[in-house]
Amino acid sequence: MDYDSLDRLLRPGATPDAARDSAAGALADIASGTRELRAVRHPLGFLCLPLVRDGTRGVCVHLFESGVPAEPTAAPMHAHSWELRSLVLYGQVINLPVCVRDRAPEPTHRVYEVHSEQSGVDELRPTSRLVRTEPGPVHTSSSGDTYSVRAGEFHATVVARGEPAATLVLGRSLPGRTDLSLGPLHGGGHRTVRRLCDAEHTERTVRTALRRVHDEQRG
């Protein structure tokens, strides 16, 4: 598995089968213990499997499970410093775009910068930027669908009816960009933590995800 190959497989007009097969192969290696990789519990309430890191580019699988709640202080409305393209491996993923307006007379949120450390700590720092938010058009993606989110685009991601879902995610960081989130007008800085799962939990969760991917492959 490499970024360039998956990038070609996820371009408009391509069928999802080859990319899903590639993801299934990577999951099988983790589930069997052939590849030692531990899932990361993300503060927004999903597990991340970091499969490829190639400079400013990366490939992950995100697993949305009912037993992985978001941290209470996590900010669901956020904007990446990187371009995102995702293939839904199973389930349904709902993207909720957020339109922000600067210098509005009645702001609703403050923009926070998110600075991530190698240790897994994310520090959210309040900025002076105040915005007014409005919901954008809801976009639902089902198994086999591919969707994109531009760098700097505020959004929130949820899964349909709390059911399990998984996505194969390609990301490419852009120079000069910072991860952002939307928080309370008068909130202070705070931290969230991305925690490593142990090997047993990772393999057990990945085995369950792999069975669901195989169910989709059989159609």
Exercise for review: Determine, step by step, whether Trp82 and Thr56 satisfy the side chain to side chain contact (heavy atoms under 4.5 Å, CB included) criterion, reporting the C-alpha distance in whole Å, the side-chain angles of both residues, the deciding distance to 0.1 Å, and the verdict.
Suggested key: CA-CA 9 Å; Trp82 40 280; Thr56 59; over 6 Å; no
Exercise for review: With side chain to side chain contact (heavy atoms under 4.5 Å, CB included) as the test, would you mind laying out the steps for Asp102 and Arg129 before giving the verdict?
Suggested key: CA-CA 8 Å; Asp102 288 276; Arg129 182 183 174 191; 2.7 Å; yes
Point to revise | CA sep, side-chain torsions, deciding dist, call: Arg194, Cys48, side chain to side chain contact (heavy atoms under 4.5 Å, CB included) | key: CA-CA 10 Å; Arg194 290 167 283 121; Cys48 174; over 6 Å; no
**Study point:** side-chain hydrogen bond (donor to acceptor under 3.5 Å, both in side chains) assessment of Glu216 paired with Ser143
**Key:** CA-CA 8 Å; Glu216 294 296 326; Ser143 179; 2.9 Å; yes
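Side-chain atoms of Val111 and Leu182, non-hydrogen and from C-beta on, do get closer than 4.5 Å to each other. Taking 4.5 Å as the limit, every side-chain heavy atom of Arg110 sits out of range of all side-chain heavy atoms of Pro184. Proximity of Leu6 to Leu9: side-chain heavy atoms (C-beta onward) are separated by under 4.5 Å at one or more points. Using a 4.5 Å heavy-atom cutoff, the side chains of Val52 and Asp2 are not in contact. Here the side chains of Arg57 and Leu170 are not in contact, with every heavy-atom distance at 4.5 Å or above. Here the side chains of Ser86 and Val93 are not in contact, with every heavy-atom distance at 4.5 Å or above. Counting only heavy atoms from C-beta outward, the side chains of Val206 and Val61 never approach each other to under 4.5 Å. Here the side chains of Val114 and Thr192 are not in contact, with every heavy-atom distance at 4.5 Å or above.
Judged by distance alone, the side chain of Thr146 and the main-chain N or O of Leu10 form no donor-acceptor pair under 3.5 Å. Side-chain atoms of Tyr112 do not come within 3.5 Å of backbone N or O of Ala75 as any donor-acceptor pair. For Ser32 (side chain) and Asp29 (main-chain N/O), a donor-acceptor pair under 3.5 Å exists by modelled atom type. Here the side chain of Arg35 pairs a donor or acceptor atom with the backbone of Leu51 at under 3.5 angstrom. Remark: side-chain polar atoms of Arg132 are paired, donor with acceptor, to backbone N or O of Glu106 under 3.5 angstrom. The backbone N or O of Ser173 lies less than 3.5 Å from no partner atom in the side chain of Ser81, so there is not a single donor-acceptor pair.
Using a 4.0 Å cut-off between a side-chain N of Lys or Arg and a carboxylate O of Asp or Glu, Glu65 and Arg204 do not qualify as a salt bridge. Here Glu113 does not pair with Arg125 in a salt bridge; the nearest charged N to carboxylate O distance is not below 4.0 Å. Checked for salt-bridge contact, Arg11 and Asp7 meet the test: a charged N lies under 4.0 Å from a carboxylate O.
Sparse packing is recorded around CZ of Arg195, with 12 or fewer heavy atoms of other residues, nucleotides or ligands lying under 6.0 Å away. Few gaps surround CZ on Arg38; more than 12 heavy atoms of other groups in view lie less than 6.0 Å from it. With a 6.0 Å radius and a threshold of 12 heavy atoms from other residues, nucleotides or ligands, Arg150 has its CZ atom at or below the threshold.
With values rounded to the nearest 0.5 angstrom, Asp54 atom CG is found 7.0 Å from Asp4 atom CG. Expressed to the nearest 0.5 Å, how far OG1 of Thr205 lies from CD of Glu200 amounts to 10.0 Å. Rounding to the nearest 0.5 Å gives a distance of 8.0 Å between CG of Asp122 and CG of Asp179. The line from CD of Glu134 to OG1 of Thr108 is 8.5 Å long, rounded to the nearest 0.5 Å. We find the CG-CG distance between Leu210 and Asp215 to be 9.5 Å, quoted to the nearest 0.5 Å. With rounding to the nearest 0.5 Å, the separation of OH in Tyr147 from OG1 in Thr140 is 11.0 Å.
The shortest heavy-atom contact between Arg85 and Ser148 is CG-OG, 3.6 Å. Taking every heavy atom of both residues into account, His62 and Val169 meet most closely at ND1-CG2, 3.7 Å. Closest of all the heavy-atom pairs between Leu47 and Arg41 is CD2-CA, 3.8 Å. The minimum heavy-atom distance between Ala74 and Pro43, with the atom names listed, is CB-O, 3.4 Å. Of all heavy-atom pairs spanning Ala39 and Thr202, the tightest one is N-OG1, 3.0 Å. Here the closest non-hydrogen pair linking Pro126 and Leu124 is CD-O, 3.8 Å.
Under the 4.5 Å side-chain heavy-atom criterion for grouping Ile, Leu, Val, Met, Phe, Trp and Tyr, Ile94 is not connected to Phe64 through any hydrophobic cluster. Linking ILVMFWY residues whenever their side-chain heavy atoms come closer than 4.5 Å, directly or via other members, leaves Leu84 and Leu87 in distinct clusters. The hydrophobic clustering, which links ILVMFWY residues whose side-chain heavy atoms are closer than 4.5 Å, places Leu196 and Leu37 apart. Val88 and Val149 fall within a single hydrophobic cluster, where Ile, Leu, Val, Met, Phe, Trp and Tyr are joined by side-chain heavy atoms under 4.5 Å apart, directly or via other members. Residues Tyr90 and Ile30 share a single hydrophobic cluster, defined by chaining ILVMFWY side chains whose heavy atoms lie under 4.5 Å apart.
The aromatic rings of Phe46 and His42 sit parallel to each other, their planes meeting at less than 30°, with 60° as the upper class boundary. Ring planes of His78 and His155: tilted class, angle from 30 to 60°.
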